[in-house]
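First the structure, in the form of C-alpha cells, and then the observations on it.
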Amino acid sequence: MNLIPERFKHSNLFITMSLITVIIIIIVSITITWTTIRMSEQFFFEKFSITNAKVMDQVKDSYEKYHYSVVIASNNLQQSIAIRDMLTEKKESNIERFQSIYGLSELIRRIEPNLAAYEVGIIVAGENGLSYATNDRSFWPITDEELDKSSLAKQTAQTPFKLQYHYDWRPSNDSGSYLVASKALVNRAGEQYGAAYISIRESDFRKFYSTYTSPGNNVFLVDKAGVIVSSSLTEQIGQHSSELKDYEKQIGTTENNDYVIGDFLGREQIIMMEYIPFFDMYMFNIIDKDTAFGNLIDKKKILLISMGIVIVALFIVLLASRRLTNSLSSLVRQIESASEYDFDEYVSVSGTYETRKIGIAFNSMLDELHEYVDQLVLSQKQRRNAELAALQQQINPHFLYNTLASIKFIASKGNIAETDAMINSLISLLQNTIGNVSETITVEQEMTNLRNYVFINEKRYGNRIKVNYFIAPGCADILVPKLILQPFVENAFFHGFIEKQEGYIHILIWQEDGSLICEVVDNGDGMEETYSLKQQTKRKQQLFSGIGITNVHERIKLIYGEPYGVEISSELKEGTKIRITMPIQKKS
C-alpha cells in the first residue's frame with residue numbers, strides 16, 4: 001500500500017531524508033539532554049557528598065567529644081576508691097545506707113563537671129545493692145529493679161572492660177528514647193563490684209547534629225542490629241530498618257563508593273554512611289534527591305532549550321533539504337511527464353551539480369532516442385512499402401493472365417468488335433491500375449475498373465452470370481485499396497458457378513458505424529462451412545485459389561490494421577458472401 005499521497009510522490013527523497021533527519025536529531029537531542037542532566041546530577045552529587053562528608057566529620061567530632069567526656073567520667077568512677085568501698089561494703093542499717101548514698105552523691109558531684117556540657121544522668125549501682133542516680137533519674141527513668149533485670153545490665157556484666165552504648169526505650173516517659181553508656185566497675189583483681197550508667201535523652205543527643213539537618217537532609221544513628229537509635233526524623237526512632245542494614249553492607253566496600261543512590265522510605269535518596277567506632281554504630285546522612293536537587297537542576301528549562309534547539313535545527317535542515325531536493329523532484333516530474341505524455345519535451349538543466357548532470361544525460365538520451373525512432377519509423381515505412389509493392393506485383397500478372405486468356409478466347413472465335421471492346425476495357429483497366437501509382441483509389445474508380453473487368457468476363461462466358469451494383473450515396477469519393485473487389489468477383493466467375501449454370505453476383509457498398517462495408521454476394525454453389533482467411537486449410541485454398549483473395553486481406557491489414565479485413569461466409573448450394581470492412585477515408 002502506498003502511504004505517500006500522489007501529490008508528494010515526487011518528493012519521496014525529501015520526505016525520506018526529512019524523516020531520517022528528524023529521527024536522528026530527536027535521538028541525539030534526547031541523548032545529549034539526558035547525558036547533560038545525568039552529568040550535572042553526578043557533578044552535584046560528588047560536590048554535595050564532599051560537603052556533607054565534612055558535615056558528618058563535624059557531627060562525628062561532637063560525638064567524640066561527648067564520648068570523651070563519658071570516658072573521663074566513667075574512668076573517674078572506676079578509679080574512685082571511695083566509690084568502690086561504698087559499693088562493696090555491707091550496710092546493715094538504714095542510717096549506714098543513707099550515709100553511703102550521701103557519700104556517693106558527694107563523690108559523683110565531683111565527677112559531674114566532666115559532663116557539665118551535656119544534659120546527662122549518672123546512675124551508679126553496686127553489687128551490695130547500693131545505687132545512686134543524679135537528677136532523680138529524670139534523664140533515664142528506670143528503677144533499680146528494672147535495671148537489674150535488663151539486658152543492658154547483663155551485656156555490661158558480660159564485657160566488664162568495655163564502655164558500651166545502648167538504646168533504651170521507656171514507653172511510660174514523654175522522652176521515650178535514651179542513649180545509655182554503661183561501664184562495669186571492677187577492682188584491680190578484675191572482680192566486678194558495680195556498674196556505672198551515663199544516659200542522655202535522645203532529644204538532647206539529637207542536638208549534636210540537628211543544626212546540620214534540613215527538610216530532605218536527615219541523619220540516622222543506627223546500631224548493629226539495624227535499630228534507629230537517633231534520627232532527625234523522630235517517627236523513625238526505635239524502628240528496625242532492614243534497608244539501612246543493607247546499605248551498611250554496600251557503602252564503603254570500595255574506595256570510590258562513599259555514597260549510593262537508592263530507595264529509602266519510598267523515595268530516591270542519596271545515602272552516605274560512616275561508622276562510629278566508639279559508639280559501635282553507623283551514622284547515615286540521607287538526602288532526598290528531589291528535595292536537594294529538584295530546584296538545583298531546572299529540567300524543564302533544559303528540556304525547553306533542547307526543544308528549541310531541535311526545532312531550529314529541524315527548520316534549517318528541512319529548509320536546506322527542500323532546497324537541495326527541489327531541483328531533483330522537479331527533474332523527476334519532468335522525466336515522468338516526458339515519458340508519459342510529452343516525449344519530445346526536453347527537461348530543464350538547473351539545480352545542483354548532480355541534477356544538472358542528470359538533466360544533460362537525459363536530454364542526450366532523448367536525442368539518441370528520437371534519432372533511433374526516426375530510423376525505426378523510416379525502416380518500417382520502407383518495409384511496408386516493399387511489402388505492398390510485392391503484393392502489387394502479385395496482382396498484375398495474375399489479373400493480366402486471366403484477362404488475356406479471356407481476350408484470346410474471344411479473338412479465337414473471330415469476333416473483332418467484341419475483341420476490340422475487350423481490349424479497350426483492358427486498356428482502361430490497366431491505366432487505372434498499373435498507370436496509377438497511388439496506393440488507393442476512390443470507390444467510383446474501383447467500380448469503373450470492376451465494370452471493365454466484368455465486361456471482359458461477360459464477353460468470354462456470356463450473360464449467364466448477372467452482375468449488379470448497389471452503391472449507397474456518399475460512398476463514391478471514399479478511398480479504397482486498388483482492386484479489392486476484382487479478386488472476389490473473379491473467384492465467383494471461375495469457381496462459384498460450377499454446378500449451377502446461371503446466377504447473379506451483387507456488389508454492395510455502404511457506410512455502417514463509421515466503416516465502409518463492401519460485399520460481394522453470389523447465389524452460386526456455395527460451401528459447407530464458413531471460410532476464414534486466418535485459418536486456411538489446403539482444401540479451402542483450393543476453393544479460393546486466386547492469389548488476389550489473400551492478397552486483398554493482407555493489404556487491408558497492412559494499410560488499416562488488425563480491426564479491418566475480409567470475412568467470408570457461405571452455405572452449400574446457397575451461395576457465398578464476401579464482406580470487406582475498411583475505415584472511411586476521403587481525399588484531403
Side-chain angles (χ1 to χ4, degrees), residues 384 388 391-392 395 399 429 432-433 436 438-455 457 465-497 503-527 529-536 540 543-544 546-572 574-588:
R384 181 168 168 270
L388 286 173
L391 291 173
Q392 190 67 34
I395 293 171
F399 172 72
L429 189 58
N432 289 332
T433 55
N436 187 357
S438 176
E439 187 178 276
T440 57
I441 58 177
T442 62
V443 170
E444 184 179 8
Q445 290 173 324
E446 179 68 9
M447 288 299 101
T448 301
N449 294 336
L450 188 61
R451 284 189 174 92
N452 287 326
Y453 175 76
V454 170
F455 173 76
N457 282 287
I465 301 173
K466 181 65 175 177
V467 179
N468 301 307
Y469 303 92
F470 302 97
I471 312 301
C475 297
D477 58 345
I478 294 176
L479 296 175
V480 297
K482 289 188 295 186
L483 294 177
I484 60 167
L485 297 177
Q486 178 273 332
F488 300 104
V489 174
E490 177 186 333
N491 190 73
F493 268 112
F494 290 99
H495 304 289
F497 295 91
Y504 63 84
I505 300 173
H506 292 330
I507 309 299
L508 303 98
I509 298 176
W510 73 95
Q511 299 181 41
E512 180 179 305
D513 298 331
S515 299
L516 180 69
I517 309 298
C518 302
E519 286 189 355
V520 179
V521 182
D522 68 68
N523 63 343
D525 298 337
M527 299 179 294
E529 56 185 313
T530 300
Y531 178 77
S532 174
L533 289 173
K534 295 180 180 179
Q535 298 176 344
Q536 297 184 61
K540 290 171 182 175
L543 295 174
F544 292 90
I547 296 173
I549 294 175
T550 304
N551 184 299
V552 170
H553 181 70
E554 292 178 353
R555 278 195 295 152
I556 291 175
K557 292 291 184 187
L558 275 174
I559 295 172
Y560 303 120
E562 286 300 321
Y564 305 100
V566 179
E567 294 179 1
I568 301 173
S569 60
S570 180
E571 292 185 15
L572 188 62
E574 294 296 330
T576 302
K577 181 174 73 176
I578 309 298
R579 183 184 179 93
I580 304 172
T581 306
M582 293 173 290
I584 298 175
Q585 293 181 349
K586 295 183 178 180
K587 282 187 177 180
S588 57

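- Put simply, the side chain of Val521 does not reach to within 4.5 Å of the side chain of Phe470, judged on heavy atoms.
- Contact check on Lys557 versus Glu562 returns a salt bridge, with a Lys/Arg side-chain nitrogen under 4.0 Å from an Asp/Glu carboxylate oxygen.
- Taking both residues in full, the closest heavy atoms of Tyr564 and Thr581 are given as CB-O, 3.3 Å, listed atom of the first, atom of the second, then distance.
- The two residues Ala492 and Ile505 come nearest to each other via the heavy atoms CB-CD1, 3.5 Å.
- Across Leu516 and Cys475, no two heavy atoms sit closer than the pair CD1-SG, 4.1 Å.
- In this structure, the side chains of Ile507 and Leu450 come closer than 4.5 Å at one or more pairs of heavy atoms.
- Considering only heavy atoms from C-beta on, Ile556 comes within 4.5 Å of Val566 through its side chain.
- Taking CD1 from Ile471 and SG from Cys518, the interatomic distance works out to 7.5 Å, rounded to the nearest 0.5 Å.
- Looking at Thr440 and Lys482, their side chains never come closer than 4.5 Å, going by heavy atoms from C-beta outward.
- Note: Trp510 CH2 to Ile478 CD1 = 12.5 Å, rounded to the nearest 0.5 Å.
- Met582 and Pro481 get closest at one heavy-atom pair: SD-CD, 3.6 Å.
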Could you go step by step and tell me if Glu446 and Arg451 meet the salt bridge (charged side-chain N to carboxylate O under 4.0 Å, His left out) rule?
CA-CA 9 Å; Glu446 179 68 9; Arg451 284 189 174 92; over 6 Å; no

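- Glu571 and Lys577 are not joined by a salt bridge, as no carboxylate oxygen comes within less than 4.0 angstrom of a charged side-chain nitrogen.
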Evaluate side chain to side chain contact (heavy atoms under 4.5 Å, CB included) for Thr448 paired with Tyr453, printing each intermediate quantity in order.
CA-CA 9 Å; Thr448 301; Tyr453 175 76; over 6 Å; no

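- Judged as a side-chain hydrogen bond (donor to acceptor under 3.5 Å, both in side chains), and not counting sequence neighbours, Asp522 has no contacts.
- Atom NZ of Lys466 sits about 11.0 Å away from atom NE2 of His506, to the nearest 0.5 Å.
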List the steps, then state whether side chain to side chain contact (heavy atoms under 4.5 Å, CB included) holds for Asp477 with Glu444.
CA-CA 7 Å; Asp477 58 345; Glu444 184 179 8; over 6 Å; no

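- Side chains of Ile509 and Leu485 form a contact here, defined as non-hydrogen atoms less than 4.5 Å apart.
- Ser570 and Gly575 get closest at one heavy-atom pair: OG-O, 3.0 Å.
- Between Phe497 and Gly524, the closest heavy-atom pair is CE2-CA, 3.5 Å.
- By the 4.5 Å heavy-atom criterion applied to side chains, Val489 and Val520 are counted as neighbours.
- Residues Gln486 and Asn449 are not in side-chain contact: their nearest non-hydrogen atoms beyond the backbone lie 4.5 Å or more apart.
- With hydrogens and angles ignored, the 3.5 Å screen pairs a side-chain donor or acceptor of Asn523 with a backbone N or O of Tyr504.
- Of the inter-residue distances, the one linking Leu508 atom CG with Asn468 atom CG reads 9.0 Å to the nearest 0.5 angstrom.
- Expressed to the nearest 0.5 Å, how far CD1 of Ile484 lies from NE2 of His553 amounts to 13.0 Å.
- Separating the CZ atom in Arg579 from the CD atom in Glu519 is a distance of 5.0 Å, to the nearest 0.5 Å.
- Looking only at distances, no side-chain donor or acceptor of Glu574 sits under 3.5 Å from a matching main-chain atom of Gly526.
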